[in-house]
Amino acid sequence: MRIPIQEVTPDLEKATIAGWVHEERDLGGLAFFLIRDRTGIMQVTVPKKKVPEAVLHAIKEVSRESVVRVTGIIKATEKAPGGRELVPESFEILAKAASPLPLDVAEKVPAEIDTRLDARFLDVRRPRIASIFQIRSRVMEATHSFLFNEGFINITTPKVVAAATEGGTELFPIAYFEKEAFLGQSPQLYKQMMMAGGCEKVFEIGPIFRAEEHNTVRHLNEATSIDVEVSFADHEDVMQLLERLMRTVYQAVADDCADQLAHLGVTDPAIPDTTLPRLPYAEAIEIAARKSEDPIAYGDDLGTASERIIGEEMGAHYFITEWPTAIRPYYAMPNERDPSICNAFDLMHPRMELSSGAQRCHIHDQLVEQIRSKGLSPEGFEFYLKPFRYGMPPHAGWGLGAERLVMTMCGLQNIREAVLFPRDRHRVTP
RNA sequence: GCCCAGAUAGUGUAGUGGCCUAUCAUGAUGCCCUGUCACGGCAUCGACUCGGAUUCGAAUUCCGAUCUGGGCGCCA
């Protein structure tokens with residue numbers, strides 16, 4: 001019976017392990033093999049004069065990254081990593097790896113991201129890379145359980161959609177029988193429809209597709225969005241929800257993924273405060289204008305340079321609030337006291353935007369007016385507007401970029417690191 | 001969409017017109033080696049993205065193509 005490497009302790013007499021050949025060192029009469037599985041790496045020591053002929057044959061045959069199953073005596077020894085080593089009675093090659101390898105799993109030689117993504121299955125064998133996806137898995141699990149505990153129901157909405165409705169980004173057209181169709185850029189409108197459906201609290205975690213031709217370390221053309229929508233809530237309610245989520249997720253990772261964080265060199269996961277600063281847009285502009293070389297004025301979008309300046313100033317997660325209505329989408333609810341600003345917000349990490357949300361406009365006629373004022377045609381929005389005519393409660397929500405969350409949490413330099421098989425401007429395989 | 005940069009063994013690199021039948025590391029193969037842990041030693045193998053131009057001579061300069069990375073706009 002094969003046991004995980006992590007569970008091989010010096011007090012075991014005998015064990016069978018299975019995994020990949022991480023490294024081999026042949027000293028002549030004595031050879032060492034490092035065998036790696038999901039749980040760790042351990043040393044197999046082969047005194048050539050004392051092992052069966054079959055073992056000698058196998059170790060001559062085996063190559064790096066081959067899959068092997070090794071059974072033998074466990075010896076406690078100071079000289080081996082982990083304080084124990086295995087002396088094989090049998091050494092089976094389950095699957096021999098071809099040579100040369102497309103990249104060096106043992107990380108003696110670095111590989112560029114492109115090379116790594118072309119051989120992602122090998123890349124993920126590296127403990128450091130596997131850690132990212134173990135953390136990502138924990139983030140997703142913590143997010144799900146947090147939202148279920150908060151009384152949300154999980155919904156699934158279509159990714160094949162009829163038209164651009166949220167506006168803004170470009171969509172991918174797809175061949176859909178005789179109709180025109182696109183890949184969904186956001187579940188936003190469907191979430192809102194479910195507010196009219198009386199669901200009150202919904203979430204969806206799923207792919208979003210954006211056909212923007214940007215080529216940066218923080219954009220993907222297929223990303224994972226953590227989306228929520230809440231009835232009878234305003235922007236402040238859902239910002240607080242987001243704060244609780246962030247704290248819960250960071251705490252879960254800090255509690256359960258200490259080894260993985262260590263692999264990534266993250267010594268302080270910087271668990272966000274319960275109450276994050278609310279930085280009004282006007283003040284954000286002031287900070288940016290004060291330190292920026294380019295002129296920035298109220299009403300401008302916050303560019304990458306501005307975001308960086310403000311992020312340095314803030315030093316930790318923060319919200320940007322009180323956005324001008326003019327530069328936010330039509331569905332944002334204008335502020336009661338001052339309609340020139342709206343109840344929209346962005347959650348920022350010092351490095352980049354993580355989430356965007358708002359209290360939504362739930363009043364049909366006002367929504368139509370706002371669609372018009374953005375230069376759009378309400379006729380094209382009929383399927384979206386219909387629910388607003390039959391009892392749409394006030395509601396608010398946000399979308400949080402899962403990859404950006406993992407990226408900033410783990411200190412990754414490229415968002416592609418946070419996705420197993422990223423889709424970017426050029427990459428469609430593997 | 002705009003702008004910048006790059007492409008050399010499986011991988012990561014050196015290279016600035018002749019000293020390049022191209023450097024180093026890692027790897028692979030063979031030999032030596034019984035405590036390695038980036039094992040060590042010796043030998044061998046393996047590359048200039050493609051097409052054109054300049055030149056006596058091009059990995060190196062120029063033009064084009066292809067592929068790729070990155071920045072910006074925008075956004076999660």
Side-chain angles (χ1 to χ4, degrees), chain A residues 22-34 41-51 60 63-65 75 77-82 85 87 97-119 122-123 166-170 185-188 205-227 242 294 300-308 327-329 346-349 351-357 398-408 413-416 418-419 424-427:
Chain A
H22 191 66
E23 284 185 55
E24 34 176 312
R25 283 180 212 110
D26 190 340
L27 273 58
L30 187 66
F32 301 100
F33 290 82
L34 297 183
I41 294 176
M42 83 167 286
Q43 177 168 293
V44 167
T45 302
V46 185
K48 290 185 185 174
K49 287 178 182 165
K50 297 175 188 167
V51 297
K60 197 170 164 54
S63 56
R64 291 166 80 226
E65 293 306 317
K75 286 186 176 170
T77 169
E78 291 290 307
K79 290 182 257 182
E85 65 186 6
V87 179
S99 178
L101 297 162
L103 58 84
D104 174 23
V105 176
E107 296 199 74
K108 287 178 187 172
V109 180
E112 293 193 341
I113 185 96
D114 210 43
T115 305
R116 292 170 43 209
L117 292 175
D118 282 339
L122 273 180
D123 189 42
E166 202 194 325
T169 69
E170 298 291 318
Q185 56 159 308
S186 162
Q188 156 106 27
I205 301 177
I208 56 172
F209 302 91
R210 305 202 168 171
E212 296 286 347
E213 296 194 30
H214 32 219
N215 194 217
T216 79
V217 293
R218 62 186 184 289
H219 288 97
L220 294 164
N221 292 294
E222 178 180 7
T224 308
S225 180
I226 300 166
D227 257 279
L242 185 49
D294 303 315
D300 290 344
D301 275 316
L302 289 170
T304 310
S306 300
E307 275 185 10
R308 199 173 303 120
I327 60 171
R328 296 297 288 211
D346 284 352
L347 172 66
M348 308 295 296
H349 179 274
R351 290 174 63 194
M352 73 189 79
E353 179 180 341
L354 297 183
S355 170
S356 189
W398 40 255
L400 170 65
E403 286 80 16
R404 288 190 175 183
L405 176 59
V406 172
M407 178 188 184
T408 51
Q413 292 308 306
N414 191 320
I415 196 163
R416 294 169 181 84
V419 199
D424 61 31
R425 177 70 184 83
H426 299 289
R427 183 174 288 278

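Basis for what follows: all heavy atoms, side chains included, without hydrogens, waters or symmetry-related copies. Chain letters run A, B, ... following the sequence lines, proteins first and then strands; every chain starts at 1.
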Rounded [atom1] spacing from [N] to [M] in Å:
N: U36(B); M: G17(B); atom1: C1'; result: 48 Å
N: U16(B); M: C24(B); atom1: P; result: 16 Å
N: G18(B); M: U60(B); atom1: C1'; result: 12 Å
N: U26(B); M: C42(B); atom1: P; result: 12 Å
N: C3(B); M: U44(B); atom1: C1'; result: 48 Å
N: A9(B); M: A59(B); atom1: C1'; result: 14 Å
N: G71(B); M: U29(B); atom1: P; result: 40 Å
N: C50(B); M: U68(B); atom1: C1'; result: 15 Å

Which nucleotide wins on minimum distance to the side chain of [X], given the candidates [options]?
X: Arg210(A); options: C75(B), C74(B), G12(B); value: C75(B)
X: Ala80(A); options: C74(B), U36(B), A38(B); value: U36(B)
X: Glu353(A); options: A28(B), G70(B), A76(B); value: A76(B)
X: Gln43(A); options: U36(B), G1(B), G70(B); value: U36(B)
X: Thr304(A); options: U36(B), C74(B), G69(B); value: C74(B)
X: Thr77(A); options: C37(B), G12(B), G35(B); value: G35(B)
X: His426(A); options: U68(B), C72(B), A38(B); value: U68(B)
X: Asn215(A); options: G35(B), C74(B), G69(B); value: G69(B)
X: Asp114(A); options: G69(B), C72(B), C39(B); value: G69(B)
X: Arg308(A); options: U36(B), A38(B), C72(B); value: C72(B)

Determine which nucleotide pairs with [N], using a 3.5 Å limit on both distances of a Watson-Crick or G-U wobble pair.
N: A76(B); result: none
N: U61(B); result: A53(B)
N: C24(B); result: G12(B)
N: U66(B); result: A7(B)
N: C42(B); result: G30(B)

Looking at every strand, decide which applies to [X] at a 4.0 Å heavy-atom threshold: base, sugar-phosphate, or nothing.
X: Arg425(A); answer: nothing
X: Glu24(A); answer: nothing
X: Arg64(A); answer: sugar-phosphate
X: Leu220(A); answer: base
X: Leu103(A); answer: nothing
X: Asp301(A); answer: sugar-phosphate
X: Lys79(A); answer: base
X: Glu307(A); answer: base
X: Pro81(A); answer: base
X: Ala223(A); answer: base
X: Gly401(A); answer: sugar-phosphate
X: Lys48(A); answer: nothing

Do the non-hydrogen side-chain atoms of Asp114(A) and Arg427(A) ever get within less than 4.5 Å of each other?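 Yes, their side chains come closer than 4.5 Å.
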
Would you mind reporting whether His219(A) and Ile415(A) have side-chain heavy atoms less than 4.5 Å apart?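 Ile415(A) does not reach His219(A) side chain to side chain.
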
Please report the interatomic distance [atom1]([X]) to [atom2]([Y]), rounded to the nearest 0.5 Å.
X: Ile208(A); Y: Asp227(A); atom1: CD1; atom2: CG; answer: 7.5 Å
X: Glu112(A); Y: Leu117(A); atom1: CD; atom2: CG; answer: 11.0 Å
X: His22(A); Y: Met42(A); atom1: NE2; atom2: CE; answer: 14.5 Å
X: Asp104(A); Y: Asp123(A); atom1: CG; atom2: CG; answer: 11.0 Å

Nearest-nucleotide comparison on RNA chain B, the residue closer to the 5′ end among Pro100(A) and Glu85(A):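 Its nucleotide being nearer the 5' end, the pick is Pro100(A).
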
In whole angstrom, give the distance that lies between atom [atom1] of [X] and atom [atom2] of [N].
X: Asp26(A); N: U34(B); atom1: CG; atom2: P; answer: 10 Å
X: His22(A); N: A38(B); atom1: NE2; atom2: P; answer: 11 Å
X: His214(A); N: C72(B); atom1: NE2; atom2: C1'; answer: 12 Å
X: Ile41(A); N: U36(B); atom1: CD1; atom2: P; answer: 19 Å
X: Glu212(A); N: G1(B); atom1: CD; atom2: C1'; answer: 9 Å
X: Phe32(A); N: C33(B); atom1: CZ; atom2: P; answer: 16 Å
X: Arg427(A); N: G70(B); atom1: CZ; atom2: C1'; answer: 15 Å
X: Ile113(A); N: U11(B); atom1: CD1; atom2: C1'; answer: 15 Å

Quick one: does Lys48(A)'s side chain have a donor or acceptor within less than 3.5 Å of a partner on Ala31(A)'s backbone?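 No, because the side chain of Lys48(A) does not come within donor-acceptor range (under 3.5 Å) of the backbone of Ala31(A).
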
Within the pair [X] and [N], is there a side-chain N or O less than 4.0 Å away from OP1 or OP2?
X: Lys108(A); N: G27(B); value: yes
X: Ser356(A); N: A76(B); value: yes
X: Asn414(A); N: G69(B); value: no

Any donor-acceptor pair under 3.5 Å between the side chain of Arg404(A) and the base of C75(B)?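 Pair found.
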
Does Lys75(A), at its NZ atom, have more than 12 non-hydrogen atoms belonging to other residues, nucleotides or ligands within less than 6.0 Å?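 Open.
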
With respect to Asp424(A), which candidate in Arg416(A), Arg218(A), Arg210(A) satisfies the salt bridge (charged side-chain N to carboxylate O under 4.0 Å, His left out) definition?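 So, applying the salt bridge (charged side-chain N to carboxylate O under 4.0 Å, His left out) to Asp424(A) and each of Arg416(A), Arg218(A), Arg210(A), only Arg416(A) qualifies.
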
Pick one: which of Met348(A), Met352(A), Glu403(A) meets side chain to side chain contact (heavy atoms under 4.5 Å, CB included) with Thr408(A)?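 Filter result, single survivor: Met352(A).
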
